[in-house]
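Please read the structure below before turning to the comments.
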Protein chains: 2
Amino acid sequence: MDMIINRIAHYAEIGIPQFQELLSLPHRIETREAGQDIVNAGETVDYVFIVETGWAIRYQLLDDGRRQIVNFMLPGDCFDLMSLTKAKSDHSVSAATQVMLRRIKSDDFLKTIKTDPKLATAFWWVAIQEETILREQIVRNGRMSAKERVASLILELSRRLSISTGEQDNSLHLPVPRTHLADALGLSVVHVSRTLAWLKREGFIAIDPGMIHILRRNDMAVMAEFDDRHLHINKLKY
Amino acid sequence: MDMIINRIAHYAEIGIPQFQELLSLPHRIETREAGQDIVNAGETVDYVFIVETGWAIRYQLLDDGRRQIVNFMLPGDCFDLMSLTKAKSDHSVSAATQVMLRRIKSDDFLKTIKTDPKLATAFWWVAIQEETILREQIVRNGRMSAKERVASLILELSRRLSISTGEQDNSLHLPVPRTHLADALGLSVVHVSRTLAWLKREGFIAIDPGMIHILRRNDMAVMAEFDDRHLHINKLKY
DNA sequence: CGGCCCATTGAGCCAGTTCAAAAAGGGTGG
DNA sequence: CCACCCTTTTTGAACTGGCTCAATGGGCCG
């Protein structure tokens, strides 16, 4: 729960007390192992999930096995805010690593949100960010070269993690295999690997197993046209 | 205003009376010529816009002039619902054709939404669809071939237009130049042209200036793995 | 009729793919 | 601590979908 508090507090002037009610809602903590499904496309979802630890992915499969990862869900992210209207999910969600999830009944969640306008605004904010990340992903996959794509995804993940942990860190713990990066970026694993090698050769990053160290964040951001302003826009106004 | 009523009524059991208040809100009708900006990236937006006629595009430019169109905004679409929190826009919106827009002050809009839970649900629904369209776009640009991309975009646009006009039509009036399709699909104009020629050769479509006729909708949907269920999911429950 | 913009077609090229093999981890059991 | 197996990552080599550059063809407007 810390993570999401960090995240929201990063933007909104919202106190811990505001979260007490949310924290105290009836909930269940679920654990899923890497690869297990959390939500299947076509299912109706009655819960809001908050990622406590681990990474999850939202993805869609095509008939012949191609997979597109739509986005990564990191600690502090929640889903599906959008399905508070009891819509069927159109994409699947599964655990990318071992994941701990807080599961809250949509109805309870909605009721709480409605009682506190600050909470409502905060979660509206969360939804905006989610959309922004999706749009960024479209630009990446649509118009960027492999080098730019890999670099900007690394920067995005690093930035998002640092916001929810509350500490800036140039060492990005990457708990997912390269195939996940490839399927997020619309590239082949082979080329992701080559591109990472190139980033390393250029001195942008250093690579350790399960780890990427960002050595020249600014240069890399320029190279990939990565602008993280949208990830920590001005504080909320009420 | 008809368009958005059609659209929402297509999903939600919501009566015309519910829209009266929305309709009667103080607003301005603005007209923009093709190519003119509506919202600039970095701007704070205080208005909700509803497209009355014409097409608009949301896009982002990269330094060297590459452009990614994030999505098309058709009659009945509204934006930016998300910036009801007074966020800075992270992408630009401009008119793709001559456009008529209904401009409503965010505060007024928000106030009305809040008074009527049915309206609130309806617009939450609109936001879900918007996100769904974005996700679909990610899958398209990330993992689909040029043929699949072009076909599925044509099907999506056709579907969305038919929902807001209320009539199914196999003739898609395409008022934008090929460059727009290219920039939406992450392809070059040249290749969009070739791909359209291929679709025509295969008998999926017929082409007239400014017009695309869908001849074999089902086959085309299978070919492009286009599933429009998400665009007219079950009716809303309250 | 001429000019301009957009769309199409042709030809060669290149970024990223596929196929294949080798190398590097990372358990697990002896 | 080593030997084995399995998975992931890296590297090599050849291929190709889509790109770029360039020329041609249509439509529309003045």
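Labels below follow one simple rule: chain letters A, B, ... track the order of the sequence lines, proteins then strands, and each chain is numbered from 1.
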[X] has an atom [atom1]; how far is it from atom [atom2] of [N], in whole Å?
X        : N      : atom1 : atom2 : result
B:Lys147 : D:dT16 : NZ    : C1'   : 12 Å
A:Ile205 : D:dT10 : CD1   : C1'   : 14 Å
A:Leu196 : C:dG16 : CG    : P     : 14 Å
A:Ile207 : D:dT8  : CD1   : P     : 17 Å
B:Arg143 : D:dG18 : CZ    : P     : 13 Å
A:Leu199 : D:dT10 : CG    : C1'   : 15 Å
A:Asp208 : D:dT9  : CG    : C1'   : 14 Å
A:Leu185 : C:dT17 : CG    : C1'   : 15 Å

Is the closest side-chain donor-acceptor distance between A:Glu33 and A:Gln98 under 3.5 Å?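 Looking only at side-chain atoms, A:Gln98 and A:Glu33 do form a donor-acceptor pair, the distance falling under 3.5 Å.
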Distance only, no hydrogens: is a donor on one side chain within 3.5 Å (strictly under) of an acceptor on the other, for B:Arg67 and B:Thr179?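 Their side chains do not contain a donor-acceptor pair, so the 3.5 Å distance test is not met.
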Where each residue is assigned the nucleotide of DNA chain D containing its nearest heavy atom, which of B:Pro209 and A:Arg178 is assigned the position nearer the 5′ end?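 Checking each residue's closest nucleotide, the 5'-ward one belongs to A:Arg178.
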How would you label the contact of [X] with the nucleic acid (heavy atoms, under 4.0 Å): base, sugar-phosphate, or nothing?
X        : value
B:Gly210 : nothing
B:Ser145 : sugar-phosphate
B:Leu187 : sugar-phosphate

Tell me whether B:Arg7 contacts the main-chain N or O of B:Gly76 through its side chain, where contact means a donor paired with an acceptor under 3.5 Å.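 A pair under 3.5 Å: yes.
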Is there a donor-acceptor contact under 3.5 Å from the side chain of A:Asn141 to the main chain of A:Ala184?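 Yes, because the side chain of A:Asn141 sits within donor-acceptor range (under 3.5 Å) of the backbone of A:Ala184.
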Of the options [options], whose atoms approach the side-chain atoms of [X] most closely?
X        : options                : answer
A:Ala197 : D:dT11, D:dG18, C:dG16 : D:dT11
A:His191 : D:dG18, C:dG16, D:dT20 : C:dG16
B:Ser193 : D:dT20, C:dT17, C:dT8  : C:dT8
A:Val190 : D:dT9, C:dG16, C:dT18  : C:dT18

Ignoring hydrogens and angles, are the base of D:dG12 and the side chain of A:Arg194 linked by a donor-acceptor pair under 3.5 Å?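 For A:Arg194, whose side chain was compared with the base of D:dG12, there is a donor-acceptor pair (under 3.5 Å).
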With B:Leu187, which of B:Arg149, B:Arg178, B:Arg194 fulfils side-chain contact (heavy atoms from CB on, under 4.5 Å)?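 Of B:Arg149, B:Arg178, B:Arg194, side-chain contact (heavy atoms from CB on, under 4.5 Å) with B:Leu187 is met by B:Arg149 alone.
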